[in-house]
There are 2 protein chains.
Amino acid sequence: MGITKTDLFTENQNEIATLAKAIAHPARVAIIEYLLKVNACICNDIVNELPLAQPTISQHLKELKNAGIIKGNIEGNAICYCINEVKFSKIQGLFASVKAPNNSCC
Amino acid sequence: MGITKTDLFTENQNEIATLAKAIAHPARVAIIEYLLKVNACICNDIVNELPLAQPTISQHLKELKNAGIIKGNIEGNAICYCINEVKFSKIQGLFASVKAPNNSCC
DNA sequence: AAACTATATCGTAATATTGCAATATAAAAA
DNA sequence: TTTTTATATTGCAATATTACGATATAGTTT
């Protein structure tokens with residue numbers, strides 16, 4: 001079919017999967033890394049930074065924004081994108097809280 | 001096109017994206033959660049636990065194994081799957097090490 | 001106003017993912 | 001050895017993702 005059966009899983013499982021999917025592309029990882037590096041908010045610089053066409057990057061930015069990982073503010077005719085620290089911390093928390101067991105079998 | 005331009009990004013960016021992609025499905029999140037919960041290694045139980053057909057689960061398990069997140073051991077006619085703690089810790093480390101800035105703009 | 005700059009959206013082609021029935025494989029039990 | 005149990009593989013249909021040219025939108029500059 002090709003459609004994920006979202007309704008068969010818990011809200012939490014779907015949320016984790018959605019967040020992971022937003023990060024699941026090297027261009028989006030590169031955008032996140034860049035925004036973390038410059039610390040302040042940048043916009044068109046991302047287009048110049050990445051080796052992809054402007055519409056493609058716009059699409060990736062949209063996905064990151066939909067997932068809540070980044071925020072965008074209009075500033076004149078430009079747009080200022082930056083990391084959403086709240087969501088970012090939440091993602092970190094998701095992984096940090098889990099303890100992997102000392103497996104005795106595999 | 002539909003093909004990710006892997007060669008345009010760094011090895012590290014691709015690695016993060018690949019790991020995220022492995023987690024980017026609620027069924028695979030559910031499998032990981034289950035393996036963490038039971039602590040010991042289980043196999044056919046996963047098929048009974050999840051509301052998906054056996055071939056579908058087998059496919060998801062394969063992807064998790066390819067990503068190195070889980071390991072599988074043959075045990076008679078059954079297979080014992082469990083979390084690969086090394087890889088799991090690495091994923092945690094990826095996120096934990098990054099500090100989100102105190103954004104002043106967005 | 002006209003030209004320019006920055007960004008988003010549309011449309012579309014190429015490719016990837018999801019899901020499962022059918023089937024294959026292989027060990028265990030009868 | 002036949003049957004059962006556990007798992008993987010194949011093939012295929014439905015849907016999603018990726019990428020980008022063309023174009024739209026909107027603010028800025030001249």
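Just so you know, these numbers use all the heavy atoms, side chains as well, and skip hydrogens, waters and symmetry mates.
Atom NZ of Lys62(B) is separated from atom C1' of dC20(C) by 15 Å (rounded to the nearest Å). If you take CD1 of Ile42(B) and P of dA6(D), they are 13 Å apart, rounded to a whole angstrom. In this structure, Ile3(A) atom CD1 and dT17(D) atom C1' are separated by 14 Å, rounded to whole Å. Spacing between atom CG of Leu61(B) and atom C1' of dA6(D) amounts to 12 Å, rounded to whole angstrom units. Between the CD atom of Glu63(B) and the P atom of dA8(D) there is a distance of 13 Å, rounded to whole Å. In this structure, CD of Gln59(A) is placed 11 Å from P of dT9(C), rounded to the nearest angstrom. The CD1-P distance, from Ile31(A) to dA19(D), rounds to 11 Å in whole Å. If you take CD1 of Ile57(B) and C1' of dG19(C), they are 11 Å apart, rounded to a whole angstrom.
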Review item, nucleotides 22-24 of chain C N/O atoms under 3.5 Å of protein N/O:
none

N/O contacts under 3.5 Å, protein versus nucleotides 1-3 of chain D?
none

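Listed nucleotides dC20(D), dG19(C), dT9(C) differ in distance to Ser58(A); the shortest reach to its side chain belongs to dT9(C). Comparing dC20(C), dT7(C), dC20(D) by their closest approach to the side chain of Leu52(A) singles out dC20(D). The side chain of Ala53(A) lies closest to dG21(D), out of dG21(D), dA16(C), dT7(C). Of the candidate nucleotides dA16(C), dT7(D), dA8(C), dT7(D) has the atom lying nearest to any side-chain atom of Ile79(B). Of all nucleotides listed (dT7(D), dC20(D), dT18(C)), dT18(C) comes nearest to the side chain of Arg28(B).
Using a 4.0 Å cut-off, no side-chain N or O of Lys21(B) falls inside it from OP1 or OP2 of dA16(C). Look at Tyr81(A) and you'll find a side-chain N or O under 4.0 angstrom from OP1 or OP2 of dA8(C). Between His60(B) and the phosphate of dT17(C), there is no side-chain N or O to OP1/OP2 separation shorter than 4.0 Å. Put simply, Lys5(B) has a side-chain N or O that comes within less than 4.0 Å of OP1 or OP2 on dC20(D).
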Footprint string (nucleotides 24-30 of chain D, 5' to 3'): B base within contact, S backbone only, - free, heavy atoms under 4.0 Å: ---BS--

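Side-chain atoms of Lys5(A) and His25(B), non-hydrogen and from C-beta on, never get closer than 4.5 Å to each other. Ile42(B) has its side chain out of reach of Cys80(B): every pair of non-hydrogen atoms, C-beta onward, lies at least 4.5 Å apart. At a threshold of 4.5 Å between non-hydrogen side-chain atoms, the residues Asn73(B) and Ile79(B) do not count as touching.
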Worked verdict on Ile23(B) versus Phe95(A) for side chain to side chain contact (heavy atoms under 4.5 Å, CB included): CA-CA 11 Å; Ile23(B) 304 172; Phe95(A) 289 98; 3.9 Å; yes

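Leu36(A) approaches Ala100(B) most closely through the heavy-atom pair CD2-CA, 4.0 Å.
Qualifying side chain to side chain contact (heavy atoms under 4.5 Å, CB included) partners for Lys65(B), counting only residues two or more places apart in sequence or in other chains: Ile70(B), Tyr81(B).
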Mind listing the side-chain donor-acceptor pairs of residues 9-21 of chain A below 3.5 Å, one per line with the distance, residues two or more places apart or on another chain?
from, atom 1, to, atom 2, distance (Å)
Thr10(A), OG1, Gln13(A), N, 3.0
Thr10(A), OG1, Gln13(A), OE1, 3.3
Gln13(A), OE1, Thr10(A), N, 3.0
Gln13(A), NE2, Glu33(B), OE1, 2.9
Asn14(A), ND2, Thr6(A), O, 3.0
Asn14(A), ND2, Phe9(A), O, 3.4
Asn14(A), ND2, Thr10(A), O, 3.1
Glu15(A), OE2, Lys90(A), NZ, 2.9
Thr18(A), OG1, Asn14(A), O, 2.8

Show which side-chain atoms of residues 43-64 of chain B pair as donor or acceptor with protein atoms under 3.5 Å away, not counting sequence neighbours.
from, atom 1, to, atom 2, distance (Å)
Asn44(B), OD1, Asn48(B), ND2, 3.0
His60(B), ND1, Arg28(B), NH1, 2.9
Glu63(B), OE1, Arg28(B), NH1, 3.1

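Base contact: Thr56(B) has a heavy atom under 4.0 Å from a base atom.
Judged by distance alone, with hydrogens and angles left aside, the side-chain atoms of Gln92(A) form a donor-acceptor pair with the main-chain N or O of Val98(B) at under 3.5 Å. Of the possible polar contacts, none joining the Asn84(A) side chain to the Ile69(A) backbone as a donor-acceptor pair under 3.5 Å is found.
When each of Phe9(A) and Asn44(A) is assigned the nucleotide of DNA chain C bearing its nearest heavy atom, the one mapping closer to the 5' terminus is Asn44(A).
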